[in-house]
Every structure is written in C-alpha cells, then in structure tokens.
Number of protein chains: 2
Amino acid sequence: MVQLKSKRSTDPEAIAHVGLDVLENVLSYYIRSLNMAVSRDLDEKLDGLEVAKGTGKITTLLLVDRHPGIRSSVIAQLVMRDRSAMVRVVDQMEEQGLLTRRADDEDNRAQGLFITRKGRELADRIRPVVVKQSRDFFPDLSDEEHRTLITLLGRTYRRIVGLPQQTPA
Amino acid sequence: MVQLKSKRSTDPEAIAHVGLDVLENVLSYYIRSLNMAVSRDLDEKLDGLEVAKGTGKITTLLLVDRHPGIRSSVIAQLVMRDRSAMVRVVDQMEEQGLLTRRADDEDNRAQGLFITRKGRELADRIRPVVVKQSRDFFPDLSDEEHRTLITLLGRTYRRIVGLPQQTPA
DNA sequence: TATTGTTATACTCTATAACTATA
DNA sequence: TATAGTTATAGAGTATAACAATA
C-alpha cells in the first residue's frame, strides 16, 4: 500500500473534515499533488539503480534504446525540458556509461545518442519496474479506469509535445 | 492554446514517429510530464500575483481562508510536504501580510493560521484564475471526461493524504 | 542569420537531521 | 518520551542568457 512518507501524520480526525475549497474540482491540483507522491514512490522503487530523480533519465534511457541515434533536442521536447537541461542529463548518463554521443553524418551541428550494452541492460531492468510501480500506485482504480486515465491524459500530453494523436483501433 | 515554452520546437516530422516505449502506457509518466507543463502554465497565469511557483502557496492561502485557525501540519499533509517545508511557505506568506500565526489556546506548542484582509482579497482573486487555468489547459477533454479525471485522480489523492472518500451523490 | 549543443549562473525546491518548547 | 514548529544544510532541479560551431 502506498503511504505518505512522513513518519507520523496528524490525527486522522483533524484532517477528515478539511475541505479543499475550489481545489476540490481543479484537475491540475490533483496532477500537481500526485506528481509529488508518485515521483517519490518511483524514486524508492528505483533506489540504487543509477537512474532516479526526475523523469528525464528514465525517458532518455528508454528512448535512446528504442531509437538509436535520436537527438537530445527531440528528447528534450518529449520530456518538456529545454536543451540546456538535457545536456546535464546526457553528460551524467554518458559518464555512467549508459549511452554515447556521436556526431551526425549529415549535420555536423547535431549529434545522435546511442545506447551502450550497460545502458541496454539497465533499460531492460527498469522497464518492468516502471510499469509495475505506476499500476501499483493506483490500487483503487479498476483496469478500465486505469486505461481511461492513460487515454485522456495521453491525449493532452501528445498535443502539448507535438506527437500525433493515436487513432482509435 | 497551450504551447510549449521553448521558442522553437524541432521539426514536427522528426518527432511524429517517436514511440514512447513502455512509457506509452505508464500513467505516472503522463502525470509527471503534465505536471511540469501545467505548473509552468499556471505560473504564467498568476504572474505578479504574489503567489506562484509550487502548489504550496495557493493551497495554503485557500485552506487558511476556508479554515481559520488551521494548523500548518494539516496543510503539510494535504500538500504532501513535511513540516519544515511548510515553515518557509508560511514565513514568506506572513512577511507578505497574507496570513498570521497565533498560538493555540489549548496547546501552546501548536499554532493556528489566520487569513488577513489582504490574504482574503488575494484568495478571492486567484480562485477563478486557478479554476479557469486548469480547465483551459485541457481543451481537448469534454466536460464529462474532465469530471472523470477529477473523480479518479481525486480518489487516489484522498486515499494518500488521508481524506475520506467522497460518497457518490 | 538561424540552429545544435554547450556553459555559466542564479534561483528555487527537496530531504534530512538536529534543535526548542511545550506536553 | 513524544509532538509542533523551527533551523540549518546539502543536494538536485529549473530558468535564463550568452556562447561556439555549423548550416
């Protein structure tokens, strides 16, 4: 069961009758709050795995593994960071031996990212962890409700980052 | 229309065919990503309003307005921070004249938070902004889909922070 | 002149532990 | 001894602008 991290929470009675004011019906409030909780939980589940803290590293690892030669600017757009923020992520992951940079043949300004053997092994290892963590974090959702959330939030995500909408099967 | 903040994004063609690997079906990925986008957008909408950056301040302001004498530890639990993180928020807001601390009559260790006139005015001003921003951020959701998201994410949120589940009307 | 990647910097947030004062 | 609030600090994330090399 997912739990608050703090050792002891306040008396349940003290909090039971607190209303959230207008935030009760503000979707972004839940997204912002759950983000903190789910991120902390994921960090715990990935503890020691050379990837933790921030969506950037996991996404980068999986995307580079899936798309050899992908540019960091493309990843930046998908994880909603700017290019300068990506540099540090790639620097760090390159130092860790998870991926390598190689100049693009056609455009010498650009460079592609490539996974290493170590990086691929790590990717294979974290994939099931990431999937399971996310599902386990929402035990009070049915499979159908879980799918619904992914569909609806995914729709907004894709629009914002510029990915094409998924065509219903 | 909500847009990416970066000046220019990469060629749409370069990104259109990028698959997200397993993250495609990972709910926490969308929550973590959308959190960044929706938080940035909210900051812009609240620009200059003495409240911005982080869920903490807005939630604190609205909760103190709604529940005079509420303790910071209760707010901490609702916004998923620890007490030490709350201190800075309350410090700052007290300096800004938005709220005041007053020792609890019954338990001198504890202290209640109370809104000021200035704080109440600000609360009244930001409420519609926060509600509108959140709805506007998801233009591709129908009202029903929007309600569904709030219901489902709210359920998980309430469990995690220890609020009672809402009884279906 | 525009773009890719990089560097530098300042700022904020987060996490942890230890401290105080009351109970 | 346990709790409410506080302080201090180290680490990580974020945002911005300016830069070099290439197109």
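The sequence lines fix the lettering, A, B, ..., with proteins before strands; numbering per chain opens at 1.
Looking at heavy-atom distances under 4.0 Å, A/Ala85 makes no contact with the nucleic acid at all.
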Enumerate the protein-to-nucleotides 20-23 of chain C contacts in which both atoms are nitrogen or oxygen and the separation is below 3.5 Å.
from   : atom 1 : to       : atom 2 : distance (Å)
C/dA23 : OP1    : B/Asn108 : N      : 2.9

Just the table, please: protein N/O against nucleotides 8-13 of chain C N/O, every pair under 3.5 Å.
from   : atom 1 : to      : atom 2 : distance (Å)
C/dC13 : OP1    : B/Lys53 : O      : 3.2

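In terms of modelled atom types and a separation under 3.5 Å, the side chain of B/Ser134 and the main chain of B/Val130 share no donor-acceptor contact. Under the 3.5 Å distance criterion, the side-chain polar atoms of A/Gln133 are left unmatched by any main-chain donor or acceptor of A/Asp41. Of the possible donor and acceptor atoms, none in the side chain of A/Arg159 sits under 3.5 Å from a partner among the backbone N and O of A/Gly162. A/Arg66 places no side-chain N or O within 3.5 Å of a backbone atom of B/Gly19 that could act as its donor or acceptor partner.
Here the C1' atom of nucleotide D/dA4 and the CD1 atom of B/Ile70 are 15 Å apart, to the nearest Å. Distance, B/Arg101 CZ to D/dG5 P: 10 Å, rounded to whole Å. Straight-line distance from the CG atom of A/Asp41 to the P atom of C/dA15: 13 Å, rounded to whole Å. A straight line from CG of B/Asp104 to P of D/dA4 spans 11 Å, rounded to a whole angstrom. The CG atom of A/Asp43 sits 12 Å away from the P atom of D/dA12 (whole-angstrom rounding). To the nearest angstrom, P of D/dT14 lies 10 Å from CZ of B/Arg32. With rounding to whole Å, B/Asp47 atom CG is found 14 Å from D/dA15 atom P. Between the CG atom of B/Asp91 and the C1' atom of D/dA4 there is a distance of 14 Å, rounded to whole Å.
With sequence neighbours excluded, no residue forms a salt bridge (Lys or Arg N to Asp or Glu O under 4.0 Å) with A/Arg147. Every residue meeting the side-chain contact (heavy atoms from CB on, under 4.5 Å) condition with B/Thr100, not counting sequence neighbours, appears here in chain and number order: B/Phe114, B/Thr116. Every residue two or more places apart in sequence or in another chain that forms a side chain to side chain donor-acceptor pair (under 3.5 Å) with B/Asp21 is listed here: A/Arg127.
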- Item | Steps toward side-chain contact (heavy atoms from CB on, under 4.5 Å) verdict (B/Leu20, B/Val26) | CA-CA 10 Å; B/Leu20 296 177; B/Val26 171; over 6 Å; no

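Within the structure, every pair that satisfies the ring pair (Phe, Tyr, Trp, His ring centres under 6.0 Å) test and touches residues 20-42 of chain B, not counting sequence neighbours, is listed here: A/Tyr157-B/Tyr29, A/Tyr157-B/Tyr30.
For A/Arg83 and D/dC19, the shortest distance from a side-chain N or O to OP1 or OP2 is not below 4.0 Å. When the side-chain nitrogen and oxygen atoms of A/Ser73 are compared with OP1 and OP2 of C/dT4, none of them lie within a distance under 4.0 Å.
For A/Ala110, whose side chain is taken as the heavy atoms from C-beta onward, the closest listed nucleotide among D/dT7, C/dG5, D/dG5 is C/dG5. Side chain of A/Arg40, nearest nucleotide from C/dA15, D/dT7, D/dG5: C/dA15.
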